[in-house]
Amino acid sequence: MDHNANTAIDQDVIDKAVARIDYARQKTGRSCGSCSMCCYVMGVEDIDKPKSQWCRHCKPGKGCAIYADRPVTCRTFACMWLIQLYVGEHWYPLKSKMVLDLQFKDEEPHPVLHVVVDPRYPNRWREEPYYSDIKGMALTGYRGDSGQHYKTMVDVGDKCWVILTHRDVESPRFGMITFVGKDHVEWFDADSREQAAEMMRVAQEARDCGQPFLPPSHGRFSEQPGNPDSVPPAE
């Protein structure tokens with residue numbers, strides 16, 4: 001297949017993604033208004049735009065100066081508040097100082113819901129009603145209640161947390177997430193990506209046999225600090 005054919009396929013994928021976003025926006029009846037929060041908190045490699053910094057093409061409160069010619073990353077980006085009615089009005093990014101972004105990556109078995117926080121308000125995600133919402137979104141994703149499994153993470157500048165049901169794991173590297181009880185999801189540390197994959201394989205075999213997954217004792221609970229208000233229950 002020649003380059004022009006590949007380009008045509010890529011453009012078709014982009015056009016379909018944009019059409020889906022436009023359709024979802026029509027269903028919610030929401031619009032960006034004066035919000036340009038994504039132009040601040042999100043990074044855009046296409047134009048060397050780092051996170052937590054205003055895009056040089058953005059006019060805060062007025063929008064994008066190159067909207068008609070904006071990069072593909074921006075054209076196919078969908079703020080979850082904009083396209084999903086289950087995301088409450090209080091999540092309007094200009095008010096919440098957070099952007100909800102569901103990302104699909106080749107290296108991840110499931111999509112990841114990123115709660116991207118304006119680092120000028122680093123603890124906003126821990127405030128209510130946002131924190132309870134985030135916990136609820138995380139459980140929904142782990143159970144697949146919406147018809148799709150996903151992992152939930154909070155990003156604040158260069159820091160990140162994996163959101164579990166009973167606690168949060170800061171700056172995880174390698175590991176596995178699995179249910180250890182009803183509506184109780186845990187993180188288990190691994191020494192490498194390969195070890196994490198092996199743990200996931202063993203856990204799946206255990207579930208297929210109706211048996212609990214028994215991880216290495218040293219990985220029962222990560223020693224990374226989590227939210228002090230969210231700790232695992234006593235066993």
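Quantities reported herein were computed from a predicted structural model and do not represent experimental measurements.
- No donor-acceptor contact under 3.5 angstrom links the side chains of Thr165 and Asp183, judged on distance only.
- Both the sub-6.0 Å distance and the 45° axial angle are not jointly satisfied by Arg167 relative to the ring of Trp161.
- For Arg20 and Tyr23, the positive end is not near the middle of the six-membered ring at less than 6.0 Å and at most 45° from its axis.
- Asp155 and His114 are linked by a side-chain donor-acceptor pair at a separation below 3.5 angstrom, with hydrogens and angles left out of the test.
- Looking only at atom types and distance, the side chain of Gln204 has a donor-acceptor partner in the side chain of Asp208 under 3.5 Å away.
- In this structure, Asn123 has no side chain to side chain donor-acceptor pair (under 3.5 Å) partners at least two apart in sequence or on a different chain.
- Every residue meeting the side chain to side chain donor-acceptor pair (under 3.5 Å) condition with Asp133, not counting sequence neighbours, appears here in chain and number order: His90, Trp91.
- We find the CD-CG distance between Gln103 and Leu113 to be 9.5 Å, quoted to the nearest 0.5 Å.
- Listed for the Glu205 side chain is no donor-acceptor partner under 3.5 Å among the backbone atoms of Cys209.
- Few gaps surround CD on Glu128; more than 12 heavy atoms of other groups in view lie less than 6.0 Å from it.
- Summarising the local packing, CZ of Arg143 is surrounded by more than 12 heavy atoms from other residues, nucleotides or ligands at distances under 6.0 Å.
- Annotation: side chain to side chain donor-acceptor pair (under 3.5 Å) contacts of His57 (sequence neighbours excluded): none.
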